[in-house]
Protein chains: 2
Amino acid sequence: MSTEKNSRLIDVARVAGVSLATASRALGGTAQVTSAKAARVHQAAADLGYVPNAHARALAGAATRMAGLIIHDVGDPYFSEIARGVVEVAERNGILVLISHSRREPDRELSHIRSLRANRVEALVLAGSGYVDADSEEETANELRTFGASGGRVVLVGRHHMDVDTVIPDNVAGGATAANHLLDLGHRDIAIVAGPSTLTTVEDRLAGIASALDGHGMSLDDLYLVHGDFTRDGGAVAANKLLETHPSVSAVIALNDAMATGVLARFRERGIVVPDEISVMGFNDTPGAADTNPALTTIRLPSRSWESSLSR
Amino acid sequence: MSTEKNSRLIDVARVAGVSLATASRALGGTAQVTSAKAARVHQAAADLGYVPNAHARALAGAATRMAGLIIHDVGDPYFSEIARGVVEVAERNGILVLISHSRREPDRELSHIRSLRANRVEALVLAGSGYVDADSEEETANELRTFGASGGRVVLVGRHHMDVDTVIPDNVAGGATAANHLLDLGHRDIAIVAGPSTLTTVEDRLAGIASALDGHGMSLDDLYLVHGDFTRDGGAVAANKLLETHPSVSAVIALNDAMATGVLARFRERGIVVPDEISVMGFNDTPGAADTNPALTTIRLPSRSWESSLSR
DNA sequence: ATGAAAGCGCTAACAC
DNA sequence: GTGTTAGCGCTTTCAT
């Protein structure tokens, strides 16, 4: 196959018999061009299969119109729903979305922020929990600050406030609600299926649960706590451990819907009837949670927005 | 907020007291640079929060490392699973993914191919059904051909062969399998919940169903056929219509899992017990289909791959 | 090993 | 209205 290079604007101009500038104007609609010439330019462009080089365009100062999205994993319904929203809004505004996976690794996240910045995105959306580790959070905050200072917009979803626009659910209150719900139902032998303790979301939800327990004269130590990946598989693995070591539990709180779904799946395989034998709760109200078998009881978290003082 | 511009390589060079070329080499590792100078360059870059301009880099001839992904909607589990795979593989190869929604509109798809091409992606992944309309398919094929000719790689998922690498399930056989399954169970009063007839996937699955019916002395006309959006919501809407006009059906074939999920959800709301009162079948083996309530019977489609003769 | 300089393809002054 | 030209920020010869 002959690998013919992409044709350039100058090629179009040549074929149309006009100057580079005229071709640019005709195609971009930036200025008035005689309709006859404009037509010739468009024809030439079509004939050559001309596609403007976005890089050259960006370099020359035209608006780039790209946004960056960093999420844990698009495969997780919680994030795919966020991605859907971001892509829809972006598209409506003629913005292309660069998507990447943090996989909940601070370093990966940081390097993605960098390459998204390198691509001169005009906005950055980071969704998912922040990290308990102050150092990596500080690095991220710095990077975002620099990005903001050079004109970039940042939105954080489900992550602690960082001087940028933020939407974050009240994880502590949510944790308390979940625990109180089970406690009020009389459950005492409860298991917590948690994500990695490196995540602030996990930390916060646990704190909420702890405070609820406190109100009942109990503490987290009275519960069975398993940590695992904050994913469906992580939930399934945790359910296995749970069944082996603490088969007596009457209720499970999974710290997100993905893990809850994994727990439910494993219980279903083992023939354990939910909620008759064991109650299972999740978080986040992920799309699809209502469709699970058995239906998942999930805590819808009220979100709070922070509009950054740096906002323009 | 003072909007300080992004610093450029020349700024780094200046601070490090070296030439532009040396700074470039030190940062890019392209050639040998005295370790002392290299260190100064890296230090300067860090101090200035320097992030190379990917556009300038691309324009200057460096590899761009971007791929484009066009899917119906990342919110649909079928597509988010594909997106997950694409992003993972791309990331492992240092490639950034530009994602966009076709929303199953040929024009939108075409314009996305163009802007992805404009961004000089090295590969393009189109996932989802093709269109019955020959004209729009031809336009797309042309665009992809041009892209391929200029060195781009194309992969089609779930779409008819177009002289590029393709992975496509055997939709006709799948349709027949689904129909035969129900027919063998004795069902005769069957409803088909289909996506838009503009999609080849819908057309093919219906053709398979028709052939199965034919083997039983029946035709599609003997069934109740509803068309709707090829989504969860589309399935729910179709289920409503179905219940109103043909409450006697004993089985439903939804032409994809998204619609099947919508049907199940609506049946659940109405207190209709599946599969006791009505059987429901889906397609695609979408992740999560096994988690639905009630469990969805879904046809796993054997896929066939085509490696394009144009492949390099 | 290092620097000077020539583009990459385009837009936006700036002339006419 | 149209053409000429100077960059945008970088990589890469080409000298040295």
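Here the structure is a predicted model, which means the values were calculated and not measured. Order of the sequence lines fixes the chain letters, A, B, ..., with proteins taken first and strands second; residue numbering starts at 1 for each chain.
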- Carboxylate-amine/guanidinium proximity below 4.0 Å for Arg153(B) and Asp165(B): yes
- Between dG9(D) (C1') and Asn53(B) (CG): distance, integer Å: 6 Å
- Could you tell me from which nucleotide to which nucleotide of DNA chain C, 5' to 3', there is an atom under 4.0 Å from chain B heavy atoms? dA1(C) to dG9(C)
- Under 4.0 Å between a side-chain N/O of Thr34(A) and OP1 or OP2 of dG1(D), yes or no? no
- Task: Would you confirm whether Asn256(A), through its side chain, and Phe230(A), through its main-chain N or O, come within 3.5 Å as a donor-acceptor pair?
- Result: yes
- Ignoring hydrogens and angles, tell me if any N or O in the side chain of Asn93(B) forms a donor-acceptor pair with the backbone of Ile95(B) under 3.5 Å. no
- Quick one: His55(B) NE2 to dG9(D) P, roughly how many Å, whole number? 12 Å
- Message: Taking 4.0 Å as the cut-off, does a side-chain nitrogen or oxygen of Lys37(A) come that near to OP1 or OP2 on dG1(D)?
- Response: no
- Item | Atom-pair distance (CZ on Arg14(B); P on dG9(D)), nearest Å | 11 Å
- Task: Look at the side chain of His72(A) and the backbone N and O of His101(A), then say whether any donor-acceptor pair between them is shorter than 3.5 Å.
- Result: no
- Under 4.0 Å protein heavy-atom contact, by nucleotide of nucleotides 11-16 of chain D - B base, S sugar-phosphate only: BBB---
- Using side chain to side chain contact (heavy atoms under 4.5 Å, CB included) as the criterion, point out the one residue from Leu69(B), Leu116(B), Ile70(B), Leu124(B) that pairs with Leu98(B). Leu116(B)
- Item | Whether Ser80(A) side chain and Gly75(A) backbone form a donor-acceptor pair below 3.5 Å | no
- Begin from the C-alpha positions of Glu122(A) and Arg65(A) and carry the test salt bridge (charged side-chain N to carboxylate O under 4.0 Å, His left out) through to its verdict. CA-CA 7 Å; Glu122(A) 59 187 88; Arg65(A) 312 262 65 189; 2.6 Å; yes
- Would you say Asp204(B)'s side chain and Thr201(B)'s backbone share a donor-acceptor pair under 3.5 angstrom? no
